[in-house]
Amino acid sequence: MSLALFLSNWMGSLLQTAPKKGAMSIFLMLSILCWGSAQNKKVHNPIIFADVPDMSMVRVGNNYYMSSTTMHMSPGVPIMKSTDLVNWKLVNYAYDTLADVDALTLENGKNAYGRGSWASCIRYHKGTFYVFTFAATTGKTYVYSTKNIEKGPWKVKSFEPSYHDLTVHFDDDGKVYMIWGNGKLMMAELKPDLSGVKEGTERILIENASAPAGDDIMLGAEGSQLFKVNGKYYLFNITWPRNGMRTVLIHRANAITGPYEGKVALQDRGIAQGGLIDTPDGEWFAYLFRDYGSVGRIPYLAPVIWENGWPILGVEGKVPDTLDLPAGKGPIPYIVASDEFNRTEKNPKLPLVWQWNHNPVDSLWSLTDRKGYLRLTTGRIDEDLVQARNTLTQRTIGPVCSGTTALDVSNMKEGDFAGLALLQKKYGQIGVKIENGAKKLVMVSAENDQPKEMESLPLHQNVVYLRADCDFTELKDTAHFYYSLDGKKWIQLGSQLKMSYTLPHFMGYRFGLFNYATKKIGGHADFDYFKITDSY
């Protein structure tokens with residue numbers, strides 16, 4: 001029995017026995033309680049206050065599956081599952097590593113920041129799940145497939161070139177179509193085995209897909225996602241008029257090849273890029289995301305109704321702050337999570353919430369060398385955080401969050417630097433450096449593009465506790481770093497970090513556990529745990 005129904009029944013019995021004035025008071029009180037209970041059942045936008053951009057979504061029965069952009073992280077193409085469109089859980093990745101090239105392994109001064117694999121497209125066809133993605137880093141388009149999306153295994157095919165912001169549609173006639181591009185949208189058929197594009201099928205689908213938003217366009221229509229509803233084809237795109245905001249465009253046609261007619265579907269706070277999803281009960285929603293400062297690009301849901309064959313997004317042209325869907329439980333522990341680094345044979349080495357910054361060197365990290373600890377060992381000389389390998393990361397979350405770790409520096413070598421970071425181009429670090437045989441606590445800020453030691457002090461013990469607090473409330477985008485010698489009393493170190501979302505990294509800030517060498521290799525740092533909370 002629901003709380004509202006229980007209260008209603010209880011109220012009825014009380015009204016039968018209570019005096020008139022008392023009954024009225026009880027009625028008012030319980031009406032407020034019931035109203036409050038109903039309000040608590042509503043979900044608040046954003047549905048995930050964390051960096052989950054370029055979502056693609058599919059429903060299979062009562063389950064929803066969503067894929068998202070990866071870029072320079074490994075493993076890649078996160079797969080999330082939900083049964084209510086609100087509460088999502090990481091269940092898999094399409095790949096462990098995308099490729100073995102210098103940019104993805106941080107070799108020879110190269111990197112894949114802001115590149116790697118971008119906007120994916122998830123589809124389900126005849127018992128098989130497909131995830132399509134592309135990478136300018138390798139110049140290829142990738143097709144990952146599996147019968148079991150939650151457990152795998154995945155098969156992979158790739159072909160050239162890299163098709164920008166592609167969407168794929170398995171049509172009723174057995175043909176498979178792909179649409180891609182920016183401004184000028186292209187279409188082609190894929191080969192039946194999805195190993196490439198059929199020769200001679202490439203054509204212009206829409207010459208100027210940005211046109212419904214005007215002539216002065218800063219970002220041409222891209223982010224294509226195609227849907228077929230009641231025999232019509234609906235193509236979603238994002239565009240950005242100059243001096244305007246990110247805008248949702250929808251084109252529709254009676255045939256997949258067109259002709260298409262287009263319109264502006266939504267202009268609200270820059271919430272854009274996504275597509276359509278329906279529920280088993282026949283309700284429709286649009287899934288979209290919003291650029292929200294340094295936390296990244298965060299997902300929203302908008303209700304959809306149909307008028308004259310067009311999907312109408314939002315309520316009176318706005319994405320509502322609340323929806324009549326189950327309340328969100330927050331991203332902990334299914335999108336981000338604490339980790340004690342204790343493992344049994346049945347546990348995965350690393351929970352899915354973790355991703356490496358670029359491809360890891362597996363021989364240089366361990367959860368078994370010291371039971372209950374993550375050990376990061378240095379294997380080469382690096383100058384700074386962004387070029388160092390084996391930084392283990394998790395998303396930050398809004399509106400506020402805190403990440404904490406305990407670090408044992410007993411076996412670090414001269415020049416080593418280990419600790420806790422907030423990773424983006426303008427990163428911040430707190431940790432321990434070994435200089436002239438002595439340990440020192442330092443806070444480093446790259447807020448002005450070059451890393452600078454903001455404060456340091458001597459450390460006379462081997463175990464130290466480190467913490468980073470983030471405040472994304474109303475785009476404050478500030479962070480502070482703390483240390484503790486006993487895990488209880490916390491002391492701020494260094495300066496406030498003004499976090500900035502930069503296009504060179506194209507990703508929200510991440511907590512990172514790091515250890516790199518600047519003089520000698522072979523030292524290691526041991527992390528006892530990582531704890532994340534949605535408060536300070």
Side-chain angles (χ1 to χ4, degrees), residues 43 45-59 64-70 77-82 84-86 88 118-124 131-133 164-169 179-182 185 209-210 212-213 219-229 233-240 245-252 262-279 283-292 296-306 310-315 317-321 323 325 328 506 508:
V43 63
N45 268 318
I47 56 168
I48 303 174
F49 209 140
D51 193 55
V52 183
D54 305 327
M55 308 94 69
S56 179
M57 203 177 291
V58 66
R59 179 175 64 83
Y64 304 91
Y65 294 98
M66 176 169 68
S67 64
S68 177
T69 280
T70 300
V77 187
I79 308 296
M80 303 180 189
K81 177 185 179 182
S82 177
D84 57 15
L85 282 176
V86 174
W88 293 89
W118 282 11
S120 58
C121 171
I122 188 170
R123 292 291 181 257
Y124 179 76
V131 173
F132 302 82
T133 191
H164 178 80
D165 277 13
L166 60 90
T167 185
V168 173
H169 179 71
I179 298 168
W180 72 95
N182 173 287
L185 300 183
S210 313
L219 175 70
E222 61 178 17
S224 294
Q225 296 200 35
L226 184 72
F227 307 89
K228 188 175 185 180
V229 181
Y233 298 87
Y234 296 88
L235 179 61
F236 276 60
N237 290 101
I238 176 181
T239 194
W240 196 338
M245 69 178 72
R246 288 159 40 87
T247 299
V248 180
L249 300 176
I250 300 177
H251 287 80
R252 73 175 182 182
K263 62 185 289 187
V264 170
L266 183 72
Q267 287 182 316
D268 178 29
R269 293 170 286 170
I271 301 171
Q273 191 163 339
L276 288 172
I277 193 73
D278 68 338
T279 71
E283 290 186 275
W284 288 87
F285 292 89
Y287 55 89
L288 307 161
F289 72 79
R290 180 185 182 190
D291 289 291
Y292 200 81
R297 297 179 288 170
I298 58 180
Y300 280 68
L301 281 178
V304 170
I305 60 173
W306 292 84
W310 286 100
I312 308 301
L313 278 56
V315 178
K318 302 294 182 183
V319 177
D321 291 329
L323 297 162
L325 288 170
F506 217 166

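These numbers come from the heavy atoms of this one structure, side chains and all, not from hydrogens, waters or symmetry mates.
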Exercise for the section: Step by step, work out the side chain to side chain contact (heavy atoms under 4.5 Å, CB included) result for Asp165 and Asn182. Expected result: CA-CA 8 Å; Asp165 277 13; Asn182 173 287; over 6 Å; no
Problem - Any Met66 side-chain heavy atom under 4.5 Å of Tyr287 side chain - result: no
Exercise for the section: Hey, could you give me the CD1/OH distance between Ile79 and Tyr65, rounded to the nearest 0.5 Å? Expected result: 10.5 Å
Fill in the blank from the handout: Residues passing the side-chain hydrogen bond (donor to acceptor under 3.5 Å, both in side chains) test with Lys318, sequence neighbours excluded, are none
Handout entry: Short side-chain to backbone donor-acceptor contact, Asn45 and Pro320, under 3.5 Å
Key = yes
Handout entry: Close side-chain approach of Leu313 to Phe236, heavy-atom, < 4.5 Å
Key = yes
Problem - Ser210: side-chain contact (heavy atoms from CB on, under 4.5 Å) partners, not counting sequence neighbours - result: Asn208, Ile217, Ala221, Thr239
Practice task
Name all residues meeting the side-chain hydrogen bond (donor to acceptor under 3.5 Å, both in side chains) criterion together with Ser120; count only those two or more places apart in sequence or in a different chain, and write none if there are none.
Solution key: Ser67
Problem - Check: Arg297 main-chain N/O paired with Asp51 side-chain donor or acceptor under 3.5 Å - result: yes
Handout entry: Reference residue Ile179; test side-chain contact (heavy atoms from CB on, under 4.5 Å); the match among Val168, Leu226, Asn237
Key = Leu226
Problem - Asp291: side-chain hydrogen bond (donor to acceptor under 3.5 Å, both in side chains) partners, not counting sequence neighbours - result: Arg246
Handout entry: Contact summary for Ala119 and Thr69, nearest pair of heavy atoms
Key = N-OG1, 3.2 Å
Practice task
Find out whether Val52 and Met80 are in side-chain contact, i.e. whether some heavy atom of one side chain is under 4.5 Å from a heavy atom of the other.
Solution key: yes
Problem - Pro78 side chain reached by Thr70 side chain, heavy atoms, under 4.5 Å - result: yes
Exercise for the section: Specify the closest pair of heavy atoms between Ile47 and Leu85, including all atoms of both residues, with the distance to one decimal. Expected result: CD1-O, 3.6 Å
Exercise for the section: Working to the nearest 0.5 Å, report the span between CE of Met57 and CZ of Phe285. Expected result: 11.0 Å
Practice task
Could you pull out all residues at least two apart from Gln267 that satisfy side-chain hydrogen bond (donor to acceptor under 3.5 Å, both in side chains)?
Solution key: Thr247
Exercise for the section: Please test Cys121 against Thr167 for side chain to side chain contact (heavy atoms under 4.5 Å, CB included), starting from the C-alpha separation and ending with a verdict. Expected result: CA-CA 6 Å; Cys121 171; Thr167 185; 4.0 Å; yes
Practice task
State, with a plain yes or no, whether a side-chain heavy atom of Val43 is found less than 4.5 Å away from one of Leu301.
Solution key: no
Problem - Interatomic spacing from CG in Asp54 to CH2 in Trp118 - rounded to 0.5 Å - result: 9.0 Å
Practice task
Indicate yes or no for a side-chain donor-acceptor contact from Arg59 to the backbone of Asp278 under 3.5 Å, with no hydrogens or angles considered.
Solution key: yes
Exercise for the section: To the nearest 0.5 Å, tell me how far Leu325 CG sits from Glu283 CD. Expected result: 7.0 Å
Fill in the blank from the handout: For Asp268 and Gly317, the nearest pair of non-hydrogen atoms, with its separation, is CB-O, 3.9 Å
Exercise for the section: Mind checking the CD1-CD spacing from Ile238 to Gln273? Nearest 0.5 Å is all I need. Expected result: 5.0 Å
Handout entry: Sub-6.0 Å ring centroid separation between Tyr234 and Trp284
Key = no
Practice task
Please determine if Arg123 forms a cation-pi arrangement with Phe227, meaning its NZ or CZ atom is less than 6.0 Å from the six-membered ring centre and no more than 45° off the ring axis.
Solution key: yes
Problem - Heavy-atom closest pair, residues Pro303 and Val315 - result: CG-CG2, 4.0 Å
Fill in the blank from the handout: Taking every heavy atom of Ile298 against every heavy atom of Ala50, the minimum-distance pair comes out as CG2-O, 3.3 Å
Problem - Ser68 (side chain) donor-acceptor with Met55 (main chain) under 3.5 angstrom - result: no
Practice task
Applying side-chain contact (heavy atoms from CB on, under 4.5 Å), name anything that partners Asp84, two or more places apart in sequence or on another chain.
Solution key: Ser82, Val86, Asn87, Pro326
Exercise for the section: Kindly indicate whether the side chain of Glu222, heavy atoms from C-beta on, has any atom under 4.5 Å from the side chain of Trp240. Expected result: no
Problem - Pro212 versus Leu249, closest heavy-atom pair with distance - result: CB-CD2, 4.0 Å
